[in-house]
Amino acid sequence: MESFKGKYERTSADKYEELLKELGVNFLLRKAATVSTPVMEVSEDGGVWTIKTSTTLKTMELKFKLGEPFDETTPDGREVEATVTCEDGKIVSVQKAKKEGQKSTRSVREMNGTDEMVYTMTVDGSDLVCVQKFKRV
């Protein structure tokens, strides 16, 4: 997990708009999300991990302890119970939707070498795979 600590800037996003559409994000927000260049910062203090993602429009902060379920409101507005674990050197986040009709998701962050983070997101019940790449800055 230590290797994830640091600051990253997104360099590519494959099927990101399709993922947002699958989650029911409206057209204007999808367009804003796809043209922005988010910066992701990963840190840890006393066993509490923080993943802070910032764009010109919005800053989101995810705080968690590995393996401990917590309530989260996702950037697209879903109420979920989330659990983040470390599996085979990867940060795995599972978000289970609380409301009927809303989607559950799974995301995996993994390092490719020392300076690239690959962030893969999937939606339960869909074959869609979104892959975003971030470079350490």
Side-chain angles (χ1 to χ4, degrees):
M1 290 287 292
E2 289 295 312
S3 63
F4 286 94
K5 290 181 182 178
K7 197 172 192 176
Y8 304 84
E9 187 172 86
R10 186 169 71 191
T11 56
S12 68
D14 184 44
K15 300 202 184 319
Y16 185 45
E17 185 172 1
E18 294 89 332
L19 178 98
L20 295 174
K21 191 173 185 178
E22 180 78 24
L23 292 173
V25 175
N26 75 47
F27 178 79
L28 286 175
L29 288 177
R30 286 199 316 264
K31 288 300 169 196
T34 54
V35 299
S36 68
T37 303
V39 173
M40 182 190 306
E41 209 166 339
V42 181
S43 60
E44 180 263 342
D45 184 23
V48 177
W49 287 85
T50 302
I51 299 177
K52 182 178 171 181
T53 307
S54 308
T55 66
T56 50
L57 295 175
K58 195 177 197 177
T59 296
M60 296 149 295
E61 199 169 77
L62 182 64
K63 285 184 176 288
F64 59 90
K65 285 186 174 181
L66 288 174
E68 289 187 13
F70 61 97
D71 293 332
E72 178 188 2
T73 301
T74 64
D76 57 282
R78 291 172 296 126
E79 298 286 332
V80 299
E81 180 181 84
T83 305
V84 181
T85 55
C86 182
E87 298 174 21
D88 299 323
K90 302 172 187 178
I91 299 174
V92 179
S93 175
V94 175
Q95 299 171 321
K96 293 287 179 199
K98 291 182 177 181
K99 291 183 182 169
E100 191 73 31
Q102 290 191 335
K103 312 263 177 146
S104 297
T105 59
R106 175 183 169 93
S107 63
V108 178
R109 290 174 175 90
E110 60 188 303
M111 295 304 295
N112 179 23
T114 56
D115 290 332
E116 184 179 63
M117 184 191 301
V118 179
Y119 180 32
T120 306
M121 291 177 286
T122 54
V123 178
D124 289 7
S126 170
D127 292 337
L128 186 65
V129 178
C130 169
V131 178
Q132 297 183 67
K133 293 185 178 178
F134 290 79
K135 184 174 175 51
R136 194 181 295 273
V137 291

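The structure presented is a predicted model; accordingly, all values stated were derived computationally and were not measured.
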Handout entry: Main-chain N/O of A33 paired to S36 side chain as donor or acceptor, under 3.5 Å
Key = yes

Practice task
Rounded to the nearest 0.5 Å, what's the gap from OG on S104 to NZ on K96? Could you check?
Solution key: 5.0 Å

Exercise for the section: Give a yes or no on whether a salt bridge exists between E41 and K5, defined as a side-chain N under 4.0 angstrom from a carboxylate O. Expected result: no

Exercise for the section: Could you pull out all residues at least two apart from P69 that satisfy side chain to side chain contact (heavy atoms under 4.5 Å, CB included)? Expected result: E81, T83

Exercise for the section: Decide, yes or no, whether a salt bridge links K98 with D71 under the criterion of side-chain N to carboxylate O below 4.0 Å. Expected result: yes

Problem - Side chain proximity check, I91 to V84, heavy atoms < 4.5 angstrom - result: yes

Handout entry: Verify same cluster id: M1, V42 (apolar side-chain graph, 4.5 Å)
Key = yes

Problem - Interatomic distance, F64 atom CZ to I51 atom CD1 [nearest 0.5 angstrom] - result: 4.0 Å

Completion exercise
Heavy atoms of E44 and W49 approach each other most closely as CG-CE2, 3.4 Å

Exercise for the section: Following the transitive rule for hydrophobic clusters with a side-chain heavy-atom cut-off under 4.5 Å over Ile, Leu, Val, Met, Phe, Trp and Tyr, establish whether L29 and Y16 coincide in one cluster. Expected result: yes

Problem - Pair K21 + E18, salt bridge at N-O below 4.0 Å - result: no

Problem - Least distance between heavy atoms, L66 atom then C86 atom - result: CD2-N, 4.0 Å

Problem - Nearest heavy atoms of C130 and K15, plus distance in Å - result: CB-O, 3.8 Å

Practice task
Using a 4.5 Å cut-off on heavy atoms from C-beta on, say whether the side chain of K103 contacts that of D124.
Solution key: no

Problem - Within-4.5 Å side-chain heavy-atom neighbours: E2 and F4 - result: no

Exercise for the section: Identify the heavy atoms of R136 and S3 that sit nearest to each other, and give their distance. Expected result: NH2-O, 2.9 Å

Exercise for the section: Give the C-alpha distance, both sets of side-chain angles, the deciding distance and a yes or no for side chain to side chain donor-acceptor pair (under 3.5 Å) between E17 and T34. Expected result: CA-CA 6 Å; E17 185 172 1; T34 54; 4.7 Å; no

Practice task
Side-chain contact test, heavy atoms from C-beta onward, threshold under 4.5 Å: evaluate it for T59 versus T53 and give yes or no.
Solution key: no

Can you give me every donor-acceptor pair (side chain of residues 105-114, partner residue at least two apart or in another chain, under 3.5 Å) with its distance?
residue: T105; atom: OG1; partner: Q95; partner atom: OE1; Å: 2.5
residue: R109; atom: NH2; partner: Y119; partner atom: OH; Å: 3.3
residue: N112; atom: ND2; partner: E116; partner atom: OE1; Å: 2.7

Handout entry: Spacing of K63 atom NZ and K52 atom NZ [to the nearest 0.5 Å]
Key = 9.5 Å

Exercise for the section: Determine whether F70 and V80 fall in the same hydrophobic cluster, where Ile, Leu, Val, Met, Phe, Trp and Tyr are linked whenever their side-chain heavy atoms lie under 4.5 Å apart. Expected result: no

Problem - Lys/Arg-Asp/Glu bridge criterion (N-O < 4.0 Å) met for D76, R78 - result: yes

Exercise for the section: Locate the shortest heavy-atom distance separating N26 from L28; write the atom from each residue and the value. Expected result: OD1-N, 3.1 Å

Handout entry: Test item: R10 side-chain N/O and T37 main-chain N/O as donor-acceptor pair under 3.5 Å
Key = no

Completion exercise
Here the gap from M117 atom CE to Y8 atom OH, rounded to the nearest 0.5 Å, amounts to 4.0 Å

Exercise for the section: May I ask you to test the Q132-M121 pair for a side-chain heavy-atom distance under 4.5 Å? Expected result: yes

Practice task
Kindly work out whether a path of hydrophobic side-chain contacts (I/L/V/M/F/W/Y, heavy atoms less than 4.5 Å apart) joins L19 to L62.
Solution key: yes

Handout entry: Atom pair NZ (K133) and OG1 (T11), whose distance is rounded to the nearest 0.5 Å
Key = 7.5 Å

Completion exercise
To the nearest 0.5 Å, atom CG of L128 lies from atom CG of L20 at 9.5 Å

Practice task
Using modelled atom types only, decide if a donor and an acceptor are shared between the side chain of D45 and the backbone of V48 within a distance under 3.5 Å.
Solution key: no

